[in-house]
Colleague: 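The structure that follows is given in the form of structure tokens.
Below, chains carry the letters A, B, ... as their sequence lines are ordered, and counting in each starts from 1. Heavy-atom basis, side chains included; hydrogens, waters and symmetry copies ignored. Computed from a predicted model, the values in this text were never measured in an experiment.
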2 protein chains.
Amino acid sequence: MINIGIYDEHHLMGQGLKLLLEQVDDFDVLFCADGKEQLMNLVQNKSLNILVLTIHDTSVRTMNLIVRLSLLNPKARLLILAFDNSEDMIVKIVKSKAKGILGRDASQKELIEAIRTLRNGFDYFNRSINQMVLNQYIDKLEAPEEKTEGLNSLSERQIEVLKLWGRSYSNQEIADELCISVRTVDAHKNHIMQKLQLKSTVELVKFSIKNNIIEI
Amino acid sequence: MINIGIYDEHHLMGQGLKLLLEQVDDFDVLFCADGKEQLMNLVQNKSLNILVLTIHDTSVRTMNLIVRLSLLNPKARLLILAFDNSEDMIVKIVKSKAKGILGRDASQKELIEAIRTLRNGFDYFNRSINQMVLNQYIDKLEAPEEKTEGLNSLSERQIEVLKLWGRSYSNQEIADELCISVRTVDAHKNHIMQKLQLKSTVELVKFSIKNNIIEI
DNA sequence: ATTCAGATTAGGTATTTTACCTAAAGCCCT
DNA sequence: AGGGCTTTAGGTAAAATACCTAATCTGAAT
């Protein structure tokens, strides 16, 4: 018997997952939390094997939650249902204490397989990561026209610089972070401004916000 | 009998919702889509009464999806399961063609009630909106890191400078416009930054946008 | 009425950032 | 193999910023 706990901020989703998992004979859903404090208490249940955790963002708060949960009950292995297939999310989850990830495209079969894999002491990462990277690629292919045209014309590196700059990094700090010269950072920003036909840094901030490069 | 369609990008969540809804005797889940194209085809089913749609963001793409769905089958009433209780999301959904919203804290009972309400020709907004607004208020109480009151502490002149600067005026141009020295403009900006405890011009732009001093 | 806080004004100086060049090396595509 | 783009980075002058000081002015409180 595999004892499973569920956490989803959305109560309905938790209930749905519970029904899904209870269809499997040797799965037993011990609890179904939708609040963090409630979860903190329930996760300490000694007979818990797997904790299925739905996460929607990679904020510090969320990542701290993962760490705290793994400390509260190291025997309960964490399976993350990620709602965002972004590279950022994958990287952060892989670095975290979680033992497995499922993307938003995962099937019921994969969910069950992932839980069994974790129960057997293995991690469940590679498949979903590959899938996510592939999906990202497909997403880009499928909807290239819906993105802001300006954003597409920027290179990865340029967006990287923009992201750091948007977090109030100075040119020097960006240079240190990326291990390049200050002049290069400056050059990147100039190239961006030229490409996007922006007249001022203010417009660059506006553009970045519009295109979700920086958060407001 | 109420004929229901489900759309959730996350396949598992769709399946979970399906199980939840099928527990109700007079609910019939006609389909459970997890891709946009698939959904576009299925939604045209003439016997469809309610389409339950999970959305995670308020991007143009998502909002367009709602419009397109309502055009493809005007008789199928849209119930949105919103994963974000932000004001932005509420406003955008209320403005959309959707007939109802449920927040992430909604219970199974509310989901069923919402579907019945929609089926009876009424909209299901008020309750969830009130709930969301309340939740937002609680969130703010819990995390008082947000400071929007800063605007009040600024003087007229300071806001004037900020407005011009937000229109991409250079310091010199602001000085000319206001018939003061460049140094004064600089001083104003410095005083503002000090007052608001902002570390960079990027943060100043964000503040200005938040407080409707400049337009995005 | 006088003090006092803060708003507005502006100068000094040093540092940082920008604007506008050039240019080499690498990569992808045809 | 060459053309175009990216990434890298240096040079120099101009602009903006940071961090000072400080003189008026205004409104509110004592």
Colleague: Less than 3.5 Å apart, any donor N or O on the side chain of Asp176(B) or Gln172(B) sitting next to an acceptor on the other?
Modeller: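 A pair is found: one side chain offers a donor N or O, the other an acceptor, under 3.5 Å apart.
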Colleague: Rounding to a whole Å, what distance do you find between His188(A):NE2 and dA19(C):P?
Modeller: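 For the pair His188(A) NE2 and dA19(C) P, the rounded distance is 16 Å.
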Colleague: Separation of Gln194(B) atom CD from dA7(C) atom P, in whole Å?
Modeller: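 From Gln194(B) CD to dA7(C) P: 11 Å.
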Colleague: Nucleotide by nucleotide, 5' to 3', does protein get under 4.0 Å of the base (B), only the sugar-phosphate (S), or neither (-) in nucleotides 10-26 of chain D, counting heavy atoms?
Modeller: BBB---SBB--------
Colleague: Could you give the CD1-to-C1' distance, from Ile174(A) to dT18(C), as a whole number of Å?
Modeller: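 Rounded to whole Å, this separation is 13 Å.
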Colleague: Just how far, in rounded Å, is P of dT8(D) from CD of Gln158(A)?
Modeller: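 So the two atoms are 10 Å apart, to the nearest Å.
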Colleague: What's the CG-P distance between Leu204(B) and dT17(C), to the nearest Å?
Modeller: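 Going from Leu204(B) (CG) to dT17(C) (P), I get 16 Å.
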Colleague: Between Glu110(A) and Ser107(A), is there a donor-acceptor pair closer than 3.5 Å when you use the side chain of the first and the backbone of the second?
Modeller: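 Checking the backbone N and O of Ser107(A) against the side chain of Glu110(A), a donor-acceptor pair under 3.5 Å is found.
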Colleague: Quick one: Ile192(A) CD1 to dA19(C) P, roughly how many Å, whole number?
Modeller: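 It works out to 12 Å between those atoms.
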Colleague: Please say which of Thr201(B), Val185(B), Ile213(B) ends up in a side chain to side chain contact (heavy atoms under 4.5 Å, CB included) with Trp165(B).
Modeller: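 Among Thr201(B), Val185(B), Ile213(B), the one that satisfies the side chain to side chain contact (heavy atoms under 4.5 Å, CB included) with Trp165(B) is Thr201(B).
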Colleague: Just how far, in rounded Å, is P of dA7(C) from CD of Glu156(B)?
Modeller: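 The answer, rounded to whole Å, is 12 Å.
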Colleague: I'd like to know if Glu160(A) and Lys163(A) make a salt bridge, using a cut-off of under 4.0 Å between side-chain N and carboxylate O.
Modeller: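 No, Glu160(A) and Lys163(A) are not salt-bridged.
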Colleague: Could you give me the CA-CA distance, side-chain angles and deciding distance for His188(A) and Leu178(A), then say whether side-chain contact (heavy atoms from CB on, under 4.5 Å) is met?
Modeller: CA-CA 12 Å; His188(A) 279 306; Leu178(A) 302 180; over 6 Å; no
Colleague: How large an angle, rounded to 10°, do the end axes of the helix from dA1(C)-dT30(D) to dT30(C)-dA1(D) enclose when each is built from five base pairs?
Modeller: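 End-to-end axis angle: 40°.
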Colleague: With Lys206(B) as reference, evaluate Leu204(B), Val202(B), Ile209(B) under the side chain to side chain contact (heavy atoms under 4.5 Å, CB included) test and give the passing residue.
Modeller: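 Single pass found, and it is Val202(B).
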Colleague: Is the side chain of Lys46(B) donor-acceptor paired with the backbone N or O of Lys75(B) at a distance under 3.5 Å, no angle test?
Modeller: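 No.
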Colleague: Distance-only, no hydrogens or angles: does the Asn73(B) side chain make a donor-acceptor pair with backbone N or O of Val43(B) under 3.5 Å?
Modeller: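 The answer is yes, because a donor-acceptor pair under 3.5 Å joins these two groups.
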